[in-house]
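For reference, the structure is listed below as structure tokens.
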Amino acid sequence: MSEEQKKELISRYSFEKRILERELELPALPNAKKGEVVMRFAPNPNGPPTLGSARGIVINGEYCKIYDGKYIMRFDDTDPKTKRPMIEAYDWYLEDMEWLGYNPDEIIYASKRIHLYYDYARKLIEIGKAYTCFCKKEEFKKFRDSGFPCSHRENEIERNLETWERMLEGRYGEGEVVLRIKTDMSHRDPAVRDWVAFRIIYTPHPLVGDAYFVYPTLDFESAIEDRLCKTTHILRGKDLRDSELRQRYIYNYFGWEYPITMHWGRVNVVEFGKLSTSLIKREIESGKYEGWDDPRLPTVRALRRRGITAEAIRKFFISLGLSESEVNISMKNLFAENRKIVDPEANRYFFVANPVEIEIENLPNENRVEIPLNPKKNEKRVLNGEKFVYVSLEDFEKLRGENVRLKDFCNVILDRKAKFVSYELLGAKKGKNIIHWLPKSFAIKCRVLGENVWEGFVEKGVEREVGRVVQFERFGFCKIEKAEKEILAIYTHD
RNA sequence: GCUCCGGUGGUGUAGCCCGGCCAAACAUAGGGGCCUCUCGAGCCCCUGCCCCGGGUUCAAAUCCCGGCCGGAGCACCA
């Protein structure tokens, strides 16, 4: 074939691909019509929401906003024993969800609606699609692994109904009997073979006490609840992918249409490794962390306390999208997002960690030093340029004996007894010898909490910033938490 | 072991379904420079990626087959 023919062929088959300006937005949701979308975020409140939960809240919430849909907060709290809900955590979820910018249109507590699920269980037994099973779990595991049914599978419907009634009357002990959904004992995926729909637990539930003792498993509860709420789209982590396979059996038995599902991959935040809710709980109890909002923790409340904005968290997860591949992501990405939001607004202050007091000998006169509160704004803060000032130990040790610029004030030869050089900026260079300082008469004690604890002084004026993120120059962004006798700040990021 | 899902620069994401201006884009990180009286921000430049092997095709990141690697499920947890 000649070159010409080749070219001809190529141009015939190639088509112009429009290069889309990619914005920060989620891909279109399949089969979604504006105003008709119903989605839910369904956590078990056995601890406060973490960064991982935030992904679910944000992704589902964003789609609800885009499609003007209904957003349901559903507490999947149907295990009072192994994954026992924390009574305070219900409110924590609601608080954090609102803080992240999403307001649920409806709140559902599965534990209060268990009687509704019983009706469906009964119907399934009646049509021969569920059976009561007296196998011990190890015993059943053998059947599941080998793919053979256990004897209970062939129970008469009448007998199943009878046992079920007796379960509800409390005639059996924990672990004695369960209700199973009949799927296919030879299904190629062992995870879907005749799974448990109800089990008996006598431990009182933190929210509803002893109102029930026959509890549905997540798969049963979720299957029914999604139907009752008319959920159209389920977006969740890949760990629940097999749920769909299991739950579809129920949908098929009842002739229901299963919602559209999408799953995102596992997120591993490098800084935290595998920190599960239960592990955090243990470390709080052991005293390693001070509480669920310890700024070192990846809970939503800790991030908020620390000065990470909801907007940054939202953008962070929107940018991750719905990829099914598992990701190793660093907090640095979140911080970069946050810095962009916080930087233009944050006022600047001098914070001197590990202060060293120096005296400027032969200072000609004290004077007012005006420094912008923020380089992009006009407002100024005023410091008194006086004889006794603090500088940080780190700067002192590094630059002792050198010509150093006390930012916006004057140049000195740095020492405990420093020599005044000039008011003008003579040969001082950014990144080299311009340092921050504090007049002794203007300094308030300040403690900064982060990975470390820093003690030092901060300039007067930060008292006004309680609740806001400021930047301590040459130190980092911090959120001012308290201003009483001394200032308490939480380290946000650099 | 069985099942399912992934694998694009250091890290994320887009492109894959519908093969072709993709010798691959954006963000972040790292390196260099400019600017700024902060180690912050901004501006400019640079480094660096289609897991491997076959196949189909004029043409493969994209389709097919086979490996390898990673993750998840196989609970009377969610």
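First the proteins, then the strands, lettered A, B, ... as listed; each starts at 1.
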Test log, rule side-chain contact (heavy atoms from CB on, under 4.5 Å), inputs A:Phe148 and A:Met185
CA-CA 6 Å; A:Phe148 291 107; A:Met185 282 308 283; over 6 Å; no
Listing request: all salt bridge (Lys or Arg N to Asp or Glu O under 4.0 Å) pairs with a residue in residues 182-197 of chain A, at least two apart in sequence or in separate chains.
A:Arg153-A:Asp194
Hey, does the side chain of A:Asn46 come within less than 4.0 Å of B:rC77's phosphate (OP1/OP2), counting only N and O?
no
Check the phosphate of B:rA41 against A:Arg339, side-chain N and O only, distance under 4.0 Å to OP1 or OP2. Yes or no?
yes
According to a strict under-4.0 Å criterion, is A:Arg188 in side-chain N/O contact with OP1 or OP2 of B:rC4?
yes
Any N or O donor-acceptor pair linking the side chain of A:Glu324 to the base of B:rG6 at under 3.5 Å?
no
Distance under 6.0 Å and angle within 45° of the ring axis: does A:Lys112 meet both against A:Tyr109?
yes
Partners meeting side-chain contact (heavy atoms from CB on, under 4.5 Å) with A:Ala197 (sequence neighbours left out):
A:Ile181, A:Trp195, A:Phe220
Taking 4.0 Å as the cut-off, does a side-chain nitrogen or oxygen of A:Thr78 come that near to OP1 or OP2 on B:rA78?
yes
Both conditions, 6.0 Å and 45 degrees, for the charged tip of A:Arg180 above the ring of A:Phe140: are they met here?
yes
Expressed as a whole number of angstroms, how long is the span from A:Phe316:CZ to B:rU13:C1'?
12 Å
Has the side chain of A:Arg241 got a donor or acceptor atom sitting under 3.5 Å from an opposite partner on the base of B:rC4?
no
Check for me whether the distance between the ring centres of A:Phe475 and A:Phe351 falls short of 6.0 Å.
yes
Presence of salt bridge, A:Arg113 and A:Glu225, under 4.0 angstrom:
yes
Using the P atoms only, state how far B:rG12 lies from B:rU57, rounded to an integer number of Å.
37 Å
RNA chain B contacts made by residues 340-348 of chain A, counting heavy atoms under 4.0 Å
A:Lys340, A:Asp343, A:Arg348
Taking only the C1' atom of each, what is the distance from B:rA23 to B:rA60 in whole angstrom?
14 Å
Should A:Ser323 be listed as having a side-chain N or O under 4.0 Å from OP1 or OP2 of B:rU13?
yes
Quick one: which of B:rU38, B:rC4, B:rC76 gets closest to the side chain of A:Gln471?
B:rU38
OP1 or OP2 of B:rA72 under 4.0 Å from side-chain N/O of A:Arg236:
no
